[in-house]
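This report refers to the structure that appears directly beneath it.
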There are 2 protein chains.
Amino acid sequence: MRRAHHVGGDRRVRRTRAALSEAILSLLLERPYETITIQEIAERADLNRATFYLHYGSKEELLLAALEEQFDSLVAEGPSASPEQPIWGIEEDIQQTLDYVAEHAALYKVLLSERGTAYLMNRIVDYIAAHSESELRASLPPGAPTVAPLPLIARHFAGSFFALLVWWIQNDMPQPAAEMAEVIKNLCVGGLRWGIGLDQS
Amino acid sequence: MRRAHHVGGDRRVRRTRAALSEAILSLLLERPYETITIQEIAERADLNRATFYLHYGSKEELLLAALEEQFDSLVAEGPSASPEQPIWGIEEDIQQTLDYVAEHAALYKVLLSERGTAYLMNRIVDYIAAHSESELRASLPPGAPTVAPLPLIARHFAGSFFALLVWWIQNDMPQPAAEMAEVIKNLCVGGLRWGIGLDQS
DNA sequence: CAGATAATAGACACTGTGTTGATTATTCGT
DNA sequence: ACGAATAATCAACACAGTGTCTATTATCTG
């Protein structure tokens, strides 16, 4: 019955890394990235400063690792891979993403407005684009004509979704998640269907 | 006839600041922001380090100033404010923006992929959104029904435009600017017209 | 030209970094 | 439950870069 063995090596390592990630993210909620020192991170994680260097070479490295975890847990909620309703499976993802982000509003507001944007944006937009492109590909007859190449349509969709997401977060989520999801569905998925010519029928 | 007087105070100040901006941007082309020191910036600008502090309080401050100039010169090329062809004036902007970015490809590749993204993205997306929103407003009958609130449609447009722009730059501009502009026009402006119901006719 | 102001040069204390070697504590496999 | 392996601690180190200062020189503006 004793599981959770070998989940990723030494238990001490896992605990230490988790503490460091948590420390930097919690510091990020309080003040800008540049002003945060490795000393403070170690301090807040209740670890010796030398221990930090046992795991990461720089603040940057730790941040990327922490963001990666963050992204993974966002995606984990994510794409339940719709059955036979191709494009419309995306709508579920939109709803789930908004719900997830709303739960972690404070953190995402910081991540998106400051340091993390470059990384998170690339990561999220890439992910959404890849995800929606494969859905698109599956839902289209092979040689069907589209307004533009599929990867660009996917990017178009991902970009507008992300922009609306950022707007929503940075404006302190003026609408409830469900309502915003509706708007995004209308605009993005509508635009998507238009992009692949489904609206011409 | 002696103009260019009083363009912004002391000539020395203008020269110094310009040198600093140029220095940080050129360093940014060579290596990541974090590794650049104020010492080096001053050195490359051929200025005493103390002079730096006479003008900026930190590296960050200088970078923001430099980005602001960069953004201004991008916008300067920009919106020739279409006469009576509302939405279609946007098409010109798209073309001009791509041309401008293509000219400064190396710099923008760095700015968009690294440090600058957060700032530039907010700045550019805000600008495009505001610009397109006012064009939209002008081109629509007051009470006309739309798919979503105007500001969100504008954001949707700006986001997808920006995402495609980033994709294009980061993939080393696989298509010529003109061709990419066509794609963007098709997708974004098409989506925009669809968004405000012009496609239902 | 003269007064004002910007830039320089060198020095200063200070903060945070990255590394080291010796020591202690925890964990994992058997 | 034991013992070998290895992670974490602690104190100390040289070092790089920061931010500030004062006195001096160079340059601009009216």
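Lettering of chains follows the sequences in order, A, B, ..., and the numbering in each one begins at 1. None of these values were measured; they are calculated from a predicted model. Atoms considered below: every heavy atom in the structure, side chains included; atoms not considered: hydrogens, waters and symmetry mates.
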Spacing between [X] atom [atom1] and [N] atom [atom2], to the nearest angstrom:
X       : N      : atom1 : atom2 : result
A/Arg15 : D/dT6  : CZ    : P     : 18 Å
A/Tyr56 : C/dT17 : OH    : P     : 16 Å
B/Phe52 : D/dT20 : CZ    : P     : 11 Å
B/His55 : C/dA6  : NE2   : P     : 8 Å
A/Ile41 : C/dT17 : CD1   : C1'   : 13 Å
B/Leu20 : C/dA6  : CG    : P     : 15 Å
B/Glu34 : D/dA16 : CD    : C1'   : 17 Å
B/Lys59 : D/dT18 : NZ    : P     : 8 Å

Residue [X], side-chain heavy atoms: nucleotide from [options] that is nearest:
X       : options                : answer
B/Tyr53 : C/dT27, C/dG10, D/dT18 : D/dT18
A/Arg49 : C/dA9, D/dA12, D/dG17  : D/dA12
A/Leu47 : D/dA8, C/dT8, D/dT18   : D/dA8
B/Arg12 : C/dT17, C/dT5, D/dA5   : C/dT5
B/Asn48 : C/dA9, C/dG18, C/dC28  : C/dA9

For B/Thr16, answer base if it contacts any base atom (sugar-phosphate contacts may also be present), sugar-phosphate if it contacts only those atoms, and nothing otherwise; contact means non-hydrogen atoms under 4.0 Å.
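If one applies the 4.0 Å heavy-atom cut-off, B/Thr16 turns out to touch the sugar-phosphate alone, with no base involved.
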Go nucleotide by nucleotide along DNA chain C from the 5' end; which of A/Gln39 and A/Ala50 gets its closest nucleotide reached first?
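Whichever sits nearer the 5' end wins; that is A/Gln39.
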[X] vs [Y] side-chain heavy atoms within contact, under 4.5 Å:
X        : Y        : result
B/Trp167 : B/Met180 : yes
A/Ile38  : A/Leu62  : no
A/Asp93  : A/Phe161 : no

OP1 or OP2 of D/dT9 less than 4.0 angstrom from a side-chain nitrogen or oxygen of A/Thr51, does that happen here?
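Yes, within the criterion.
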Which label fits B/His104 and B/Tyr108: parallel for a plane angle under 30°, tilted from 30 to 60°, or perpendicular past 60°?
perpendicular
Are any side-chain N or O atoms of B/Glu40 and backbone N or O atoms of B/Thr37, one a donor and one an acceptor, separated by less than 3.5 Å?
yes
Heavy-atom nearest nucleotide on DNA chain D for B/Gly57 versus A/Asp10: which residue maps closer to 5'?
A/Asp10
